[in-house]
**Student:** 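Dropping a structure here in structure tokens format, bear with me for questions.
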Amino acid sequence: MTANDVSPDLWEGFDLTAEDIAGPVWDEPVPLKSRPPLPAFPVDALPGWLAGMVRGVAEETQTPADLAGCLALAVLATAAGGRVKVCVRGHWREPVNIYTAVALDPGNRKSAVFDLMVRPLLAAEKALIELSGPVRAEAETTLRLAKTAADKAAGKASDAEPDQRAGLTAEAVELAQAVDEMSVPAVPQLVADDVTPENIGTLLDQQGGRIACLSAEGELFDIIAGRYSGKPNMGMFLKGHAGDMIRVNRQGREAQHIDAPAVTVGLAVQPEVLDALSRIDGADGRGLLARFLYSKPLSLVGRRNLTPDLLDEQVTAAYSRSLSGLTLALADWTDPALLQLTPEADAVLLAFQKVTESRLGPDGSYAPIVKWASKRDGAVARIAGLLHLAAHPEDGWHKPIEAATMAAATELGDYFTAHALDVFDTMSADPAHDAALTVLAQLVTGALTQFTKRELFRALRRADFPAIGDLDPALALLEEHGWIRQIPPPPRTGRGGRPPSPRYETHPRITRSP
């Protein structure tokens, strides 16, 4: 049992009686703040074919809908990223690529969810490769012939008589310049995994300015932290989210120029990885942490239905058809489609902005996540663009975003805000605090009046406390807050041997808690 399984009201509101305080007087304990339960992913905010897939995948895999839901947004962003922008107001335009990170412990079938949600995207990628085959073959042949012609012209010019050399040289130069201007299109690629920031730049250059990193693991954060380079390298991911121009010139390599890069990230990581992310040098200061939409769903492990309903084939077919159609329809766009807002949709977003702005001040509820919350409105505009395209996968770029779609996007925005508050609170919290809440929840469950350290260790999960020494910070904090106190050990007999395990007594409120 963990602290999140216990009501936040548990630690307050219990009056003590004379019976309670018999023996040594207990002081009033200092409450330990417990985090409120986080909202579930609002599946109904998604269009029908997408919501059906999310529900079906969550049911068959017995995983929280948050995982499939966040991944659904990421695959939409993969299909449309770099090809669509939302025109919000004036010169404010938001690309529709997003960064999502879902935190789940091992054993939650993350790979199975990724396979089901990403498979149609990979099928669309394969179709793009097949469709581009003749074009690439023609370009390769044309380039090879042009090189041959340029080489022959250069040889002819070098062997020419002086009076003919100037004209033949000019012709050779012209052919050589034509060769330099030719290129062979790269093999289409939508999704990458385990790539360095440098490779991200190369892929963006080759793939028309867009690429997605989708993974059921958290290696990407290790790479950003400097797995290969020895130092943090996050520039590509900062610019790739914002759409800022990338210009890379490296010695011995061709220059890479990407005017409007669009990187999409969809990850499922262990909760500890998010804590490690906050320790990457510069991740907070440069705004990398503020670019992610976080989700911390409650694991279903231990409560899963062992005979769940299987994913409906019609639901899978509708998902594959709509996602592939959207991907292929936008694949060849060079200038992005511009999605307008209806006046009613603009009014919905403006009301959302006013809420954000009112909570950003020093005393506002968003003050602890001010950097993240400053990007909240833009994230909602991006999500609205994705939901609009999902609702109209065949011709959404010809229609404005309506108020109902924007309202659904704000619902998702509130969901991600609640989870971001929890993630950043965890990043900045004392690790002993959460451990103390877990221990206190165990004491309440057992209604223990006394316990030894060894007895408590046996009752707790090894995943939370691998070694008995890991209990020390939590016990010290609980004792400091007045929830427990150590009982003086009995006199030693002088026989030697292992000293007895420390024994504690608990505050009367623990045994009187519901």
Side-chain angles (χ1 to χ4, degrees), residues 1-12 14 16-17 19-35 103-108 270-273 275-276 296 298-304 425-426 429-514:
M1 182 174 185
T2 66
N4 284 334
D5 298 318
V6 181
S7 168
D9 298 331
L10 173 63
W11 322 126
E12 299 180 3
F14 289 94
L16 302 180
T17 66
E19 180 184 358
D20 291 330
I21 57 175
V25 176
W26 282 92
D27 292 330
E28 193 70 10
V30 178
L32 288 172
K33 180 183 177 183
S34 181
R35 295 189 179 91
L104 271 174
D105 286 320
N108 275 278
Q270 297 180 27
E272 307 84 65
V273 174
D275 296 337
K296 289 182 65 178
L298 187 63
S299 172
L300 298 182
V301 173
R303 300 178 288 119
R304 293 180 290 199
D425 185 42
T426 302
D430 179 4
H433 181 273
D434 284 351
L437 281 172
T438 301
V439 170
L440 188 53
Q442 179 63 38
L443 298 178
V444 169
T445 301
L448 300 178
T449 57
Q450 290 189 9
F451 65 92
T452 68
K453 182 178 176 182
R454 190 169 292 110
E455 290 168 347
L456 178 63
F457 177 68
R458 290 181 184 138
L460 292 165
R461 295 194 317 160
R462 294 291 82 81
D464 295 326
F465 299 94
I468 194 169
D470 297 328
L471 280 171
D472 292 338
L475 293 174
L477 190 60
L478 288 174
E479 194 165 12
E480 179 183 329
H481 281 66
W483 287 103
I484 62 173
R485 60 189 176 200
Q486 188 171 355
I487 300 173
R492 299 295 300 274
T493 62
R495 297 177 181 175
R498 185 173 64 177
S501 179
R503 177 172 290 277
Y504 297 83
E505 58 181 335
T506 63
H507 196 284
R509 282 197 178 186
I510 289 177
T511 55
R512 283 201 171 260
S513 299

**Student:** What pairs with Pro271 under side-chain contact (heavy atoms from CB on, under 4.5 Å), at least two apart in sequence or on another chain?
**Tutor:** Ala103, Asp105
**Student:** In Å, rounded to the nearest 0.5 Å, how long is the span from CD of Glu480 to CG of Leu478?
**Tutor:** 10.0 Å
**Student:** I would like to know whether Phe465 and Thr438 meet side-chain contact (heavy atoms from CB on, under 4.5 Å); could you show each step before the answer?
**Tutor:** CA-CA 10 Å; Phe465 299 94; Thr438 301; 4.0 Å; yes
**Student:** Which residues pass the side-chain contact (heavy atoms from CB on, under 4.5 Å) test with Asp472, not counting sequence neighbours?
**Tutor:** Lys453
**Student:** Side chains of His481 and Leu440: does their closest heavy-atom pair fall under 4.5 Å?
**Tutor:** no
**Student:** Going from CD on Glu28 to CZ on Arg509, what distance comes out if it is rounded to the nearest 0.5 angstrom?
**Tutor:** 4.0 Å
**Student:** For Glu479, enumerate each residue passing the side-chain contact (heavy atoms from CB on, under 4.5 Å) test, keeping only those at least two apart in sequence or located in another chain.
**Tutor:** Ile484, Arg485, Gln486, Tyr504
**Student:** Tell me, do Asp464 and Val439 make a side-chain contact under 4.5 Å, heavy atoms counted?
**Tutor:** no
**Student:** Could you tell me whether a side-chain N or O of Thr452 sits under 3.5 Å from a main-chain N or O of Ser501, the two making a donor and an acceptor?
**Tutor:** no
**Student:** Would you say Lys296 and Thr426 make side-chain contact, with heavy atoms under 4.5 Å?
**Tutor:** yes
**Student:** Roughly how far, to the nearest 0.5 Å, is the CG atom of Leu460 from the CG atom of Asp470?
**Tutor:** 11.0 Å
**Student:** Nearest 0.5 angstrom please: Phe457 CZ to Leu475 CG, how far?
**Tutor:** 12.0 Å
**Student:** Give me the atom names and distance for the closest heavy-atom approach of Gly482 to His507.
**Tutor:** O-CD2, 3.3 Å
**Student:** If I take atom CD from residue Glu505 and atom CH2 from residue Trp483, how far apart are they, to the nearest 0.5 angstrom?
**Tutor:** 14.5 Å
**Student:** Nearest 0.5 Å, what's the CG-CG distance between Leu300 and Asn108?
**Tutor:** 7.5 Å
